[in-house]
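Below is one structure, written out as C-alpha cells, with a few remarks after it.
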Amino acid sequence: MGGRLTRVFRTFNVESRARREISKEKPTPAPRHPTSRLDQLADHPEIQEEIYRKDDRLLTLLKDVYVESRDPPVRVKDGGGEHLPCKQEEKRLTKLGHLGDLDVKKVPKGKISIVEALTLLNNHKLHPQIWTAEKIAVEYSLELKEVNCLLEFFIPFAVQEFPKETKKAIKPT
C-alpha cells in the first residue's frame with residue numbers, strides 16, 4: 001500500500017516538471033585560470049617557436065655528460081657452514097597409547113605427547129610414591145623443574161560414579 005502511494009506522488013505532474021527543467025537556462029561554467037588555456041599558445045606563434053627550437057648550448061652541455069653505472073661486485077660466500085643443518089634433534093620413541101596408528105611415534109627429547117602426559121599424570125595421581133618427579137623425569141627424558149611444574153599445575157579429572165542406593169529418588173505420592 002505504501003509503495004503505491006509513493007509512486008503516485010513521484011509520477012505526479014512529471015511532464016510539466018521535466019519541461020520546466022529543460023527550458024531553464026544552462027548555468028555558465030566558472031572562468032578558467034589563464035595559464036590553463038591552451039589556445040593562448042595558438043595565438044602566440046613565438047611561444048610555439050621557442051618550445052620547438054633547439055638550444056645549442058644545452059645540447060653541448062648534455063653531450064659532455066657521461067653516465068656510467070656498474071653493479072657492485074658480487075661477493076662469493078665461502079662455504080663456512082652457514083647452510084649446514086644445526087644440531088639434529090634427538091628423538092625418542094614414545095610409550096604408545098591405545099590409539100595405535102594415530103599415536104605419535106617419535107617425540108624430541110625434552111617433550112612428551114598428549115597420551116604420555118595424561119598417562120604420567122594419572123600414574124602420579126594413583127601411585128605418588130612410585131611415580132615421583134625424579135622417576136618421571138628420567139623415564140620421559142624431561143627436566144626435573146618442568147616435571148615439578150607439570151605435576152603441580154595439571155591434575156587429571158576423576159570420574160566418580162555414585163551407587164544407586166545413595167541417590168535420592170523422587171517417590172510418587
Interatomic distance, Trp131 atom CH2 to Leu151 atom CG [nearest 0.5 angstrom]: 11.5 Å
Side chain to side chain contact (heavy atoms under 4.5 Å, CB included) assessment of Asn123 paired with His127: CA-CA 6 Å; Asn123 287 343; His127 311 287; 5.6 Å; no
Nearest heavy atoms of Glu146 and Gly110, plus distance in Å: OE1-O, 4.1 Å
Closest approach of Pro156 to Lys125 (non-hydrogen atoms, all atoms of both residues): O-NZ, 3.6 Å
Separation between CG of Leu61 and CG of Asp56, rounded to the nearest 0.5 Å: 11.0 Å
Side-chain donor/acceptor of Glu21 to backbone N/O of Ala18, under 3.5 Å: no
Between CD1 on residue Ile136 and CD1 on residue Ile130, distance to nearest 0.5 Å: 11.5 Å
Set of side-chain contact (heavy atoms from CB on, under 4.5 Å) partners for Pro128, sequence neighbours left out: His124
Any Leu120 side-chain heavy atom under 4.5 Å of Val147 side chain: no
Arg17 (side chain) donor-acceptor with Thr11 (main chain) under 3.5 angstrom: no
Separation between NZ of Lys111 and CG of Leu142, rounded to the nearest 0.5 Å: 10.5 Å
Heavy-atom closest pair, residues Phe154 and Leu121: O-CD2, 3.5 Å
Test item: Thr132 side-chain N/O and Gln129 main-chain N/O as donor-acceptor pair under 3.5 Å: no
Atom pair CZ/CG of Phe157 and Leu118 - distance to nearest 0.5 Å: 10.5 Å
Neighbour count above 12 (heavy atom, 6.0 Å) for Ile114 CD1: no
Stepwise side chain to side chain contact (heavy atoms under 4.5 Å, CB included) check, Arg19 with Ile22: CA-CA 5 Å; Arg19 280 195 192 110; Ile22 292 171; 5.8 Å; no
Interatomic spacing from CD in Glu116 to CD in Glu139 - rounded to 0.5 Å: 9.5 Å
Residue pairs passing the side chain to side chain donor-acceptor pair (under 3.5 Å) test where at least one lies in residues 59-68, sequence neighbours excluded: Glu68-Arg70
Within 6.0 Å of CD in Glu49, more than 12 heavy atoms from elsewhere: no
Arg53 CZ: over 12 foreign heavy atoms closer than 6.0 Å: yes
